[in-house]
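Heads up, the thing below is written out as structure tokens.
Note on naming: letters A, B, ... go to the chains in the order of the sequence lines (proteins, then strands), and numbering restarts at 1 for each one.
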Amino acid sequence: MSISVEQKWLHEELNEAQRDAVLASEGPVLILAGAGSGKTRVLIYRIAYILANGLAEPREILAMTFTNKAAGEMRERVSRIIPGQMSGMWIGTFHSLYARLLRREGERLGYSANFTIYDENDQIALLKSICVELKIPAQEFSPRRLLHQISLAKNALQSPEQAAAAADTALEQTVARVYGVFQRRLREANAMDFDDLLIKPIELFQQFPLVKEYYQDRFHYILVDEYQDTNRAQYVSLNLFAGKHKNICVVGDDDQSIYRWRGAELRNILDFSADYPDCRKYRLEQNYRSVQNILSAAHSVVVNNRQRHDKKLWTDKADGDLVMITECSDEREEGRLILDRISREFRENDRRFYDFAVLYRTNAQSRVLEEALRAEGIPYVIVGGVKFYERKEVKDVLAYLRVLCNPNDGLNLKRIINTPVRGIGDATVAKIESWAREHGLALHQALSRAAEVPGLGKRAVASINRFVSLLKKYQALQSELSLQELSSTLIDEIGLLQQYKEEGTPESLSRADNVRELLLAVAEFTAMAGPDAGLEHFLQHVSLTTDIDVWDDRSNAVTLMTLHSAKGLEFPVVFITGLEEGLFPLSRSIIEPASLEEERRLFYVGATRAQEKLYLSWTRTRRRYGERPGNVISRFLKEIDSRLVDYVTTHPSAMPGRRRAEPCDQDMPSYEDESQETAEFHIGMRVAHPTFGPGTVLKIQSGYSQLKLIVLFDSYGEKRLVLPYAKLQIL
DNA sequence: TCCCACTTTCTTTTT
DNA sequence: GAAAGTGGGA
């Protein structure tokens with residue numbers, strides 16, 4: 001195809017490799033784009049190029065991004081290059097775009113358009129009730145573990161029947177059994193979980209070829225960001241979408257794949273050229289983000305991975321400062337270290353608070369850091385962690401809204417039936433539930449016929465009737481009132497705010513605040529989406545909006561978040577904390593090479609967020625599970641080329657209140673220096689137990705007086721053993 | 001049915 | 001050390 005318009009910006013804004021990738025609009029295209037190499041820019045210009053040359057209408061473009069925030073930015077930047085109408089373009093995350101598709105077409109699969117989206121807590125709650133019903137011992141098969149297995153099966157497009165057929169171990173058999181019931185329950189509730197959002201479009205397309213053809217026809221150009229983190233379901237659905245025009249452009253970096261644990265398959269990107277033999281490949285290897293030392297340090301770690309394509313990013317930036325590694329005595333010291341560096345950066349380099357990001361492996365680490373920043377009065381924002389919409393009081397209100405929107409949602413119905421307390425206890429609910437099941441009714445239907453249910457007291461029936469008429473009333477009001485009016489009247493009527501006020505504890509007051517904030521969020525949503533946006537849209541927005549989507553990168557505050565959340569972002573100064581064996585890399589990952597490599601990629605992702613300064617820290621000891629084990633320096637720190645590193649140890653000063661950091665001339669400490677009393681055992685070691693048989697040591701915890709081992713037994717799962725009593729044999 | 005005190009588990013990471 | 005789960009008593 002000849003290019004009708006040769007835009008000036010193609011030459012001014014892009015380097016040669018980027019421009020080639022943009023111009024290759026037709027056919028399958030794979031763009032291997034290293035960290036900071038401008039892949040977002042390529043995607044944006046690609047869309048702009050397609051539109052500017054009239055190759056497609058906006059509505060014929062489908063662009064998958066990793067976050068809603070990224071989608072919004074992309075849309076905005078495209079419209080700045082190509083002013084004009086952008087409406088009709090499908091740009092968003094897999095989950096939000098597929099939810100849109102399923103609201104339109106899900107009817108064919110037996111879901112009505114008002115389906116509820118279940119988040120992880122809902123999934124767990126549902127699984128728990130299934131486990132109780134099927135009498136599955138929760139100790140042996142924790143709902144969490146079952147959920148993870150089910151989720152992996154779903155994302156691998158395995159049906160419950162296939163899972164049952166393939167099941168060997170007791171765990172797999174249980175998973176398959178629960179999985180089948182789980183799916184049935186979701187459907188009965190007219191609910192989809194996050195995984196269903198990805199797999200139902202595939203079912204739809206497979207069962208309804210005409211629907212498939214419509215969408216295949218419609219989307220002339222498909223663009224996918226972060227392709228290295230797609231799972232099987234995403235992969236299959238993309239191929240279905242691209243089936244006709246085959247103009248599919250995927251962008252990714254195998255070194256930045258960090259979601260294997262939730263089913264992402266690296267082979268999707270590694271095998272793209274096998275799937276599309278005529279595909280064109282482009283490599284973006286010039287990094288525009290980081291100084292050379294940071295880039296080299298990150299590279300010196302990630303080269304230790306075996307599962308990767310060899311490549312090396314380059315930059316024409318200066319070397320920059322050395323990467324600083326600091327050894328701290330404990331996590332509070334680590335917090336102080338960060339304060340210290342921030343104030344120094346302020347003095348020396350004229351920074352703003354938003355120039356800094358503090359990254360960590362687990363959310364639990366944020367607390368100490370938060371305390372340190374607060375004590376010093378430094379503004380900060382935490383991305384992730386306990387999410388607003390997951391707070392109890394917020395979920396309670398949302399549960400009401402969900403039930404109003406979708407009465408079949410039995411899970412949320414059970415949540416609110418006795419919240420606030422109205423005398424409908426567990427026993428009553430259980431009776432109605434089993435009666436409902438006997439008669440093939442949904443819970444809400446049974447509730448309206450409470451008088452017929454045997455064994456219910458008069459008081460209980462009266463309470464239920466009051467509750468049912470409350471719901472009926474608001475269902476009727478739904479069409480008359482605006483979203484805001486509906487929710488605020490409802491909150492008034494159930495007396496939630498008043499109840500919190502009466503309790504008067506700081507905790508309940510903050511709950512009241514959260515409920516008010518939820519009302520604010522409703523107002524904000526209406527302002528953004530327009531008055532026509534229905535309850536189901538608001539609820540979908542709530543389910544699929546993450547912290548990172550609302551994070552404001554220009555607010556004047558230090559950002560705290562997990563390494564995972566930091567993907568795709570950049571900051572002048574980055575701190576990566578908690579670089580200790582067992583924390584980063586996490587102990588569970590150490591025993592499995594593939595997981596360890598993923599941890600290493602996570603380190604790579606974190607390090608390459610930094611533009612100018614990278615501070616890495618580890619602590620000699622850190623509180624975990626209320627205990628305080630000794631730590632060993634992370635292997636990742638040892639893998640960094642020592643010529644790129646400035647190693648510093650902080651010593652608690654004799655004078656209280658004063659701290660200093662002193663350079664330490666010695667080489668970095670090695671594992672051997674850290675000889676623990678646990679010398680006999682180490683993580684990853686194979687052991688045998690008289691009752692549980694063979695297993696692998698997952699974790700070693702040093703308590704105050706005794707040591708605890710966590711061992712993953714081949715046939716008994718995880719057990720915690722107290723060392724002096726566990727008669728373990730080393731294999 | 002509800003509330004309080006006690007025990008247990010939990011820490012990966014996220015749409 | 002917190003949050004959630006368990007069990008006994010009112």
### Task
Looking at every strand, decide which applies to A:R144 at a 4.0 Å heavy-atom threshold: base, sugar-phosphate, or nothing.
sugar-phosphate

### Task
Take the protein atom CZ of A:R600 and the nucleotide atom C1' of B:dT13, then report the distance between them rounded to whole Å.
18 Å

### Query
Base, sugar-phosphate alone, or nothing: which one does A:N418 contact when heavy atoms must sit under 4.0 Å apart?
sugar-phosphate

### Message
Categorize A:R367 for me: base, sugar-phosphate, or nothing, with a 4.0 angstrom heavy-atom threshold over every strand shown.
### Response
sugar-phosphate

### Message
By nearest heavy atom, map A:I424 and A:H95 onto DNA chain B; which one lands nearer the 5' end?
### Response
A:I424

### Among B:dT11, C:dA4, B:dT15, the one nearest A:K392 by side-chain distance
C:dA4

### Query
Is there a donor on the side chain of A:R588 or the base of B:dT12 sitting less than 3.5 Å from an acceptor on the other?
no

### Query
So what does A:T428 touch, heavy atoms closer than 4.0 Å: a base, only the sugar-phosphate, or nothing?
sugar-phosphate

### Query
To the side chain of A:T93, which of C:dG1, B:dT15, B:dT14 is closest?
B:dT15

### Query
Taking NZ, NE, NH1 and NH2 as the nitrogens, is one of them in A:D396 or A:R391 under 4.0 Å from a carboxylate oxygen of the other?
no

### Query
May A:W261 be described as stacking on the base of B:dT13, applying a 5.5 Å centroid limit and a 30° limit on plane angle?
yes

### Task
May I ask you to say what A:Q365 touches in the nucleic acid, namely base, sugar-phosphate or nothing, with a heavy-atom cut-off under 4.0 Å?
nothing

### Message
If you only use heavy atoms from C-beta on, which nucleotide in B:dT12, B:dT14, B:dT1 is closest to the side chain of A:L586?
### Response
B:dT12

#### Entry: A:E433 vs A:K414 side-chain heavy atoms within contact, under 4.5 Å
yes

### Query
Whole-Å distance between B:dT15 P and A:I117 CD1?
13 Å

### Task
Provide the Watson-Crick or G-U wobble partner of C:dT6, both distances under 3.5 Å; none if there is no partner.
B:dA5

### Task
Could you check how far NZ of A:K69 sits from P of B:dT14, rounded to whole Å?
16 Å

### Presence of salt bridge, A:D255 and A:R308, under 4.0 angstrom
yes

## Note on the structure
When A:L544 and A:V429 are each assigned the nearest nucleotide of DNA chain B, the 5'-most assignment goes to A:V429

### Query
When we call it a touch if two heavy atoms are under 4.0 Å apart, what does A:K128 touch: a base, just sugar-phosphate, or nothing?
sugar-phosphate

### Task
Write down the distance between CZ (A:R628) and P (C:dG1), rounded to a whole number of angstrom.
10 Å

### Query
With distance as the sole test, does A:N406 use its side chain to make a donor-acceptor pair with the main-chain N or O of A:A189 at under 3.5 Å?
yes

### Query
Any idea which of C:dG5, B:dT12, B:dT15 is nearest the A:E599 side chain?
B:dT12

### Task
With heavy atoms under 4.0 Å as the rule, sort A:S96 into base, sugar-phosphate or nothing.
nothing

### Message
Considering every strand and a 4.0 Å limit on heavy-atom distances, what is the contact class for A:Y259: base, sugar-phosphate, or nothing?
### Response
sugar-phosphate

### Phosphate OP1/OP2 of B:dT12 contacted by A:S589 side-chain N/O (<4.0 Å)
no

### Task
To the nearest Å, give me how far apart CZ (A:R422) and P (B:dC2) are.
11 Å

### Task
Would you please test A:F636 and A:Y604 for ring-ring contact (aromatic ring centres under 6.0 Å, His included) and show each step?
CA-CA 10 Å; A:F636 300 154; A:Y604 179 78; over 10 Å; no

### Query
Is there side-chain contact between A:D553 and A:W551, with at least one heavy-atom pair below 4.5 Å?
yes

#### Entry: C:dG5 to B:dT12 separation - C1' atoms, rounded to the nearest Å
22 Å

### Query
Which is true for A:N363 with a 4.0 Å heavy-atom rule: it touches a base, it touches only sugar-phosphate, or it touches nothing?
sugar-phosphate

### Query
Under 4.0 Å between a side-chain N/O of A:T562 and OP1 or OP2 of B:dT13, yes or no?
no

### Task
Round to a whole Å and report the spacing from CG of A:L198 to C1' of B:dT14.
12 Å

### Query
Separation of A:W551 atom CH2 from B:dT14 atom P, in whole Å?
15 Å

### Task
Find the partner of C:dG1: check Watson-Crick (N1-N3 plus N6-O4 or O6-N4) and G-U wobble (N1-O2, O6-N3) distances, both under 3.5 Å, and reply none if neither fits.
B:dC10

### Message
Can you measure A:N121 atom CG to C:dA3 atom P for me and round it to whole angstrom units?
### Response
14 Å

### Task
Please determine if A:K154 and A:D196 form a salt bridge, counting it only when a charged side-chain N lies under 4.0 Å from a carboxylate O.
yes

